[in-house]
Every structure is written in structure tokens, then in C-alpha cells.
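I have placed the structure first, in the form of C-alpha cells, so that the comments after it can refer back to it.
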Amino acid sequence: MGARTNPRTSNGGEAVDIAGRPVMVLGPQERRTEHSNVVVMKFGGTSVADAECIMRVARRIVDTYEAGHPVVAVVSARGDTTDELIELAHEISHQPLEREMDMLLSAGERISAALVTMAISELGHDAISLTGPQAGIVTDTAHTRARIIDLKPERVQTALDQGKIVLVAGFQGLSVDNDVTTLGRGGSDTTAVALAAALNAQVCEIYTDVDGIYTADPRIVPEARKLETISFEEMLEMAATGAKILMLRCVEFGRRYGVDIHVRCSFTDTPGTWIIQGEDQPMEQAIVSGVTYALEDAKVTIHNLPDKPGIAAKAFTALAHANVNVDMIIQNVSEGGITDISFTADQEDLPTIRQILEDMRDELKFDHIVTDTDMAKISLIGAGMKTHPGVAAKMFETMASNGVNIEMISTSSIKISCVIRRAFIEDAVRALHTAFGLDVSMVRRSEED
Ligand code: ASP
Ligand code: MG
């Protein structure tokens with residue numbers, strides 16, 4: 001259900017997502033066609049891992065600046081800093097306070113921002129680092145998974161106007177209650193694209209340790225191929241179905257505000273993959289652009305619920321209010337007015353889900369809940385599916401001929417996802433990649449023809 005974070009407008013005119021939480025709206029500037037020449041560059045944790053990397057990043061930023069662009073650079077925490085800080089917190093507390101987690105984790109990005117600023121200064125340029133709050137990033141109050149609801153770029157703009165290079169600590173903001181918040185794992189991407197939108201930049205460059213977006217995870221599919229371009233709608237589906245390369249929310253921002261995203265390697269000069277607006281796409285679209293998989297989901301089945309209006313609404317509204325992202329949902333055929341509902345959600349939300357449903361047991365009148373974490377989700381994504389029938393049939397046939405049982409299915413106009421047993425996932429991804437002609441050797445062969 002890709003629509004779960006799509007903004008809609010409530011009666012008051014304020015933009016909210018499906019759970020009623022406010023989302024950022026830039027108003028009339030939305031999808032501006034006239035861009036400033038500001039370049040927003042984002043560097044991931046591996047790009048700033050040590051002093052040598054930091055110097056390399058500083059040089060890259062300076063090169064862009066010297067080419068005549070005002071530069072805002074967003075940085076992630078160095079290397080495994082975030083994981084180490086999380087581990088440390090868990091050594092001290094089983095359930096660390098979320099507000100304090102945000103204070104703790106936001107430090108990782110501040111360290112990177114300060115160090116890169118020092119490196120730029122060593123190269124003889126004027127730079128300043130800002131925390132997320134100083135950069136004007138305003139979020140809701142959902143600690144550890146906050147959403148950006150506003151961006152006040154005045155301070156960044158003033159520094160740019162003074163000719164300074166601006167470093168911004170990614171992944172963090174200031175809540176409407178004046179507390180430091182973080183944006184969820186991988187959140188620095190979102191910081192960068194939101195800043196690019198607010199500064200009216202044409203492109204947000206995301207520098208990382210891979211050289212672009214691939215048709216499948218190259219670690220399990222040696223035949224995976226780098227894509228030159230991909231549309232926002234396809235990238236949204238890829239991010240939502242497990243591609244780790246970009247945070248979903250960052251892609252949503254890019255699409256809404258017309259910021260192209262260039263994902264590229266921080267260690268080379270080769271162009272990476274451009275994520276571009278659909279109307280800029282070549283006419284002939286590939287039927288399938290990629291195969292993704294996710295191992296982080298769990299399946300929850302609520303057994304023996306009364307099959308009557310309002311039951312599903314109650315359960316899923318409660319889950320949405322607790323920020324639980326529910327993905328696929330299926331309801332079985334009911335017998336004697338009793339039914340089962342299964343859905344998938346993040347494994348890490350299982351304790352919350354259990355708690356919420358158990359608390360509603362009297363209201364929902366179900367029998368029991370079963371959870372299953374031994375599952376995986378495999379998805380096929382492609383804008384060309386809209387106009388080509390038979391893609392689902394071919395996907396199911398490929399699974400069948402590899403002896404893979406399909407347990408749940410969900411589709412959108414450009415995506416088909418199946419839940420299967422985890423043990424089959426790698427083989428299934430490779431089989432689909434080959435079946436849909438995505439293998440690098442197959443593409444080369446057909447280009448030679
Ligand atoms: N440091 C945070 C993380 O590891 C945010 C980021 O890297 O984007 O998730
Ligand atoms: Mg990271």
C-alpha cells in the first residue's frame with residue numbers, strides 16, 4: 001500500500017498523511033521549474049569514515065564550489081557510529097528513552113559535519129557547520145522516526161549569501177516541542193532532499209559507496225546491471241519494497257518538489273543513476289526495471305474475528321496511530337461470520353502490534369494472534385507493466401518452476417510483490433532477474449543483435 005504516506009489535505013487545509021500526521025508542504029513553490037544554482041551534496045557514513053575519506057569529501061565539495069555553485073553538504077554519521085551508539089544505549093537500558101536516543105544518535109552526524117568543515121577550512125575555504133535544528137529543519141514529535149513538517153532555510157541561505165560552504169548534520173531536526181528528533185535510519189537522505197527542495201536546487205547529489213541503482217542487489221545477483229535513469233514512481237516502489245539504497249521518504253520529497261536525485265559513488269567520477277520525473281523518461285520503458293526483496297517484514301494473522309463492518313477499521317486505525325506501517329493485508333473467506341486477517345509489517349514493530357491488538361481483544365473479539373518472521377517479500381517493479389499484460393502470470397510461473405510457494409500477493413500498477421519462505425529468497429530473486437531479461441549478459445547480447 002504505497003499510499004500510506006501520500007499527503008492529502010484535511011478539512012482545515014493542513015496537509016496530513018494517512019494517519020493524520022502533518023507533512024511538509026512548501027506551498028506555491030511546489031514543483032517549481034526555475035531552479036537556483038545551489039547544489040546539495042549528501043555523503044553517507046562510509047564516505048566520511050576516516051580522516052582520509054573526510055579530506056576526499058572536502059575536496060569534492062570544494063571542486064563543486066569552485067565550479068561556481070553555492071554548496072550545501074549534508075553528512076551522515078561516520079562508519080558504524082550510529083550502530084555503535086545504539087548498541088551502547090542497549091547495554092545501559094533494555095528500552096532506552098526515545099527522547100534520549102535522539103539526543104545520542106544526532107551526535108554522530110554533528111561529529112561528521114564539524115570534521116568536514118574543518119577539512120574545508122584546511123583547503124582554504126570558508127565553511128560553517130549547522131545542526132539540523134540550526135538549519136531550520138522542523139519535525140513532528142515522533143522521536144526516533146520523526147517527519148519533517150517544515151523547513152526554514154534562512155540561516156543556511158544567509159551563510160550561502162556570505163559565500164560560505166554550508167555543512168548540515170543529517171538525520172535530525174527540532175520538533176514543534178523544541179526537542180531534538182531523528183528521522184529514522186537512513187534519514188540523512190531525506191534531510192538532503194528536503195534542503196534541496198527548500199533551496200530550490202535542481203539536483204540533490206547522493207554520494208555513497210555504490211555507483212548507482214541496480215536492477216537487483218549486486219551482492220546476491222552477480223548479473224545485476226546499473227540503471228542510467230529510473231523514474232520517481234519506480235524508485236518509490238523500489239525503496240518501499242526493500243531496496244536499501246535510498247530512504248523512501250527522501251524519494252517522496254524529490255518527486256513532490258521536482259528535485260532530481262543523482263545517486264553516485266563518492267570514490268569515482270563516473271555518473272551514477274539519475275532519478276527523474278516521469279515526464280522526462282524515454283518513451284520506450286522497460287517492462288521491468290528491477291527485482292527487490294525485503295527480509296525485515298513479519299506476517300501477523302489475527303484468527304477468528306467477527307466478519308462485520310468496522311472491525312478492520314478499528315484494528316488498522318489503532319495500528320496507524322501507533323506509527324505502525326502495515327504493508328500487505330489479506331482477509332480470508334469468512335465461514336459462519338468468522339474470518340482471519342493476515343498482514344505484514346516491520347518485524348521491529350511486532351511488540352507494539354501485539355500490545356495494541358491484545359489491548360483491543362474485547363473490542364475485536366478475536367481468538368488468537370500468530371506471528372511469523374520466517375518470511376521474505378520479493379517484488380518486481382517496472383513502469384512498463386501498466387501497458388503490458390501477463391507480467392504477473394510470468395512471475396508466478398517463474399516461482400512455480402523453481403518450487404517456490406507464494407503465500408501472499410499484492411500489486412500496484414507498476415509493482416507485484418509476493419510473500420515467500422525466507423530460505424528461497426536469493427534463488428527467487430536470481431530466477432526473476434533472468435526470466436525478465438535483466439541479466440547483464442542478456443542485455444549485452446541483445447544490444448549486439
Ligand atoms: N546515521 C543514520 C543511520 O545510520 C542516518 C543516515 O546515515 O542517514 O541510519
Ligand atoms: Mg547510514
Side-chain angles (χ1 to χ4, degrees), residues 40-50 53-54 57 72-90 96 98-116 129-133 135 137 139 142-148 151 167-175 180-197 204-210 213 235 238-240 242-254 259 261-267 272 275 294-296 323 325 346-349:
V40 176
M41 307 169 87
K42 182 258 168 179
F43 295 92
T46 45
S47 309
V48 289
D50 56 25
C53 292
I54 287 172
V57 162
V72 175
V74 175
V75 282
S76 287
R78 294 162 53 241
D80 297 326
T81 305
T82 306
D83 289 327
E84 284 162 15
L85 290 174
I86 291 174
E87 229 167 81
L88 191 55
H90 284 280
E98 292 195 320
R99 182 187 183 281
E100 303 313 319
M101 276 312 267
D102 282 350
M103 284 299 278
L104 178 72
L105 297 188
S106 57
E109 270 68 13
R110 292 176 64 157
I111 293 171
S112 302
L115 290 170
V116 176
S129 67
L130 299 173
T131 64
I137 293 164
T139 74
H143 281 293
T144 77
R145 42 166 63 169
R147 287 158 179 272
I148 298 177
L151 217 151
L167 268 292
V168 176
F171 173 59
Q172 54 190 274
L174 193 67
S175 78
V180 173
T181 48
T182 62
L183 308 178
R185 297 309 303 267
S188 301
D189 294 343
T190 305
T191 305
V193 176
L195 274 167
C204 180
E205 302 197 306
I206 307 264
Y207 288 88
T208 174
D209 52 356
V210 294
I213 314 282
M235 195 61 224
M238 284 206 184
K244 286 284 162 340
I245 193 111
L246 283 182
M247 197 197 199
L248 178 61
R249 236 177 283 153
C250 124
V251 188
E252 287 173 343
F253 264 111
V259 179
I261 300 176
H262 185 190
V263 178
R264 55 190 305 190
C265 180
S266 57
F267 308 111
I275 307 166
L295 304 176
E296 296 79 13
N323 274 319
N325 275 332
D346 270 359
Q347 258 174 50
E348 60 174 42
D349 286 336

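Heavy atoms only: backbone and side chains are in, while hydrogens, waters and symmetry mates are out. Atoms within each ligand, like the ligands themselves, are counted from 1 in listed order.
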For E109 and V74, indicate whether the former's side chain and the latter's backbone hold a donor-acceptor pair under 3.5 Å.
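No, the answer is negative, given that no donor and acceptor are paired below the 3.5 Å cut-off.
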Between ligand 1 and [X], is the shortest N or O to N or O distance under 3.5 Å?
X: G186; result: yes
X: S76; result: yes
X: K42; result: no

Charged N-O contact under 4.0 Å between D346 and R185:
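Not counted as a salt bridge, because no side-chain N and carboxylate O are separated by less than 4.0 Å.
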Is G187 close enough to touch ligand 1? Criterion: a residue heavy atom under 4.0 Å from a ligand atom.
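Right, G187 reaches ligand 1.
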How long is the span from the CE atom in M101 to the OG1 atom in T182, to the nearest 0.5 Å?
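Rounded to the nearest 0.5 Å, the CE-OG1 separation comes to 8.0 Å.
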How does E109 reach ligand 1, if at all, at less than 4.0 Å between non-hydrogen atoms: by side chain, backbone, both, or neither?
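Answer for E109: side chain.
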With R110, which residues qualify under salt bridge (charged side-chain N to carboxylate O under 4.0 Å, His left out), at least two apart?
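Listed in chain order: nothing, the list is empty.
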Element-labelled atoms of ligand 1 that are located less than 4.0 Å from some non-hydrogen atom of R185
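Selected atoms, number and element: 3 (C), 4 (O), 9 (O).
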Can you name the side-chain contact (heavy atoms from CB on, under 4.5 Å) partners of E84, sequence neighbours left out?
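side-chain contact (heavy atoms from CB on, under 4.5 Å) check on E84 returns D80.
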